[in-house]
Amino acid sequence: QVQLVESGGGLVQPGGSLRLSCAASGSIFTIKDMAWYRQAPGKQRELVAAIMSGDSTNYADSVKGRFIISRDNAKNTVYLQMNNLNAEDTAVYYCNALIRPSLIATLRGYWGQGTQVTVSS
């Protein structure tokens, strides 16, 4: 079965950087779009960045110029490089991917388990 495994979260000081990774594994035929979302306590989950199968990207206004999303198709992995972090970036970050599993004709969305990012002095 298909699974998304995230890594790279943790505690960082304001102005610091973190690099998140999310690798898809299992019986996969194709991976289309991949994205990162985040959710802070008491707030709605929001899209942070997305990267399409053709490598075009989209970013939330709050992270433009600070975050970079990229992908390695050979490794079925998406990355989020986060620079100049501030307290408002504190949230649980979730990986999302649109995947067609092997032997299944349709695409569906998959979610990672979430990884905590805390920005604090």
Side-chain angles (χ1 to χ4, degrees):
Q1 63 182 28
V2 175
Q3 184 180 18
L4 300 181
V5 180
E6 301 167 331
S7 62
L11 176 65
V12 64
Q13 292 184 331
S17 298
L18 284 174
R19 181 177 171 88
L20 304 183
S21 300
C22 174
S25 62
S27 299
I28 297 171
F29 183 70
T30 57
I31 300 178
K32 296 299 183 182
D33 306 334
M34 307 186 81
W36 288 95
Y37 291 74
R38 68 185 181 187
Q39 187 168 22
K43 298 182 66 177
Q44 186 178 358
R45 185 175 300 187
E46 64 175 345
L47 177 66
V48 177
I51 183 165
M52 312 307 174
S53 59
D55 289 339
S56 63
T57 58
N58 294 302
Y59 295 93
D61 288 341
S62 60
V63 306
K64 284 183 178 179
R66 297 190 298 122
F67 291 9
I68 301 172
I69 188 170
S70 61
R71 63 192 292 171
D72 185 337
N73 292 329
K75 297 182 178 180
N76 290 334
T77 299
V78 62
Y79 306 94
L80 186 67
Q81 178 67 47
M82 304 185 294
N83 301 314
N84 195 24
L85 288 160
N86 58 63
E88 295 182 352
D89 297 315
T90 295
V92 177
Y93 284 71
Y94 297 90
C95 176
N96 175 264
L98 188 61
I99 297 173
R100 181 187 171 185
S102 298
L103 304 179
I104 299 177
T106 59
L107 293 162
R108 63 162 289 181
Y110 291 85
W111 290 95
Q113 78 285 354
T115 183
Q116 177 71 47
V117 173
T118 302
V119 185
S120 176
S121 299

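Values below: every heavy atom of this structure, side chains too, minus hydrogens, waters and symmetry copies. Owing to the predicted nature of the structure, the values given are computational and were not obtained by experimental measurement.
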*asked:* Determine whether a donor-acceptor pair (N or O, by modelled atom type, separation under 3.5 Å) exists between the side chain of Gln81 and the backbone of Ile68.
replied: no
*Give a yes or no answer on whether the side chain of Thr77 reaches the backbone of Lys75 with a donor-acceptor pair at less than 3.5 Å.*
yes
*Examine the side chains of Ser17 and Asn83 and answer whether a donor and an acceptor come within less than 3.5 Å of each other.*
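Yes, because at least one side-chain N or O of Ser17 sits under 3.5 Å from a partner of the opposite role on Asn83.
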*Nearest 0.5 Å please: distance from the OG atom of Ser70 over to the CE atom of Met34.*
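One finds 10.5 Å between OG of Ser70 and CE of Met34.
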*Atom SG of Cys22 and atom CG of Asn76: how far apart are they, to the nearest 0.5 Å?*
10.0 Å
Report whether [X] and [Y] are members of the same hydrophobic cluster (ILVMFWY, side-chain heavy atoms less than 4.5 Å apart, transitive linking).
X     : Y     : answer
Tyr94 : Val63 : no
Leu98 : Ile51 : no
Leu11 : Leu20 : no

*Name all pairs fulfilling the ring pair (Phe, Tyr, Trp, His ring centres under 6.0 Å) condition that reach into residues 98-121, sequence neighbours left out, sorted by first residue then second.*
Tyr37-Trp111
*Sequence neighbours left out, what pairs pass ring pair (Phe, Tyr, Trp, His ring centres under 6.0 Å) with at least one residue falling in residues 57-84?*
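As it turns out, there is no ring pair (Phe, Tyr, Trp, His ring centres under 6.0 Å) pair with a partner in residues 57-84 once direct neighbours are skipped.
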_Checking Val117 against Met82 for the side-chain contact (heavy atoms from CB on, under 4.5 Å) test, could you report, in this order, the C-alpha distance in whole Å, the side-chain angles of both residues, the deciding distance, and whether it holds?_
CA-CA 10 Å; Val117 173; Met82 304 185 294; 4.0 Å; yes
*Which residue pairs pass the salt bridge (charged side-chain N to carboxylate O under 4.0 Å, His left out) test when at least one of the two sits in residues 20-35, sequence neighbours left out?*
none
*Mind jotting down which residue pairs meet the salt bridge (charged side-chain N to carboxylate O under 4.0 Å, His left out) criterion with at least one end in residues 44-57? Sequence neighbours excluded, please.*
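Salt bridge (charged side-chain N to carboxylate O under 4.0 Å, His left out) check on residues 44-57 returns Arg38-Glu46.
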*Write down the atom of Pro101, the atom of Ile99, and the distance for their closest heavy-atom approach.*
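Looking at all heavy atoms of both residues, the shortest contact is CD-O, 3.5 Å.
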*If a pair satisfies disulfide (SG to SG under 2.5 Å) and one of its residues is in residues 43-84, list it, with sequence neighbours excluded.*
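Of all non-adjacent pairs touching residues 43-84, none passes disulfide (SG to SG under 2.5 Å).
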_Restricting to side-chain hydrogen bond (donor to acceptor under 3.5 Å, both in side chains), what partner residues turn up for Thr30, sequence neighbours left out?_
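With neighbours one apart ignored, the set is empty.
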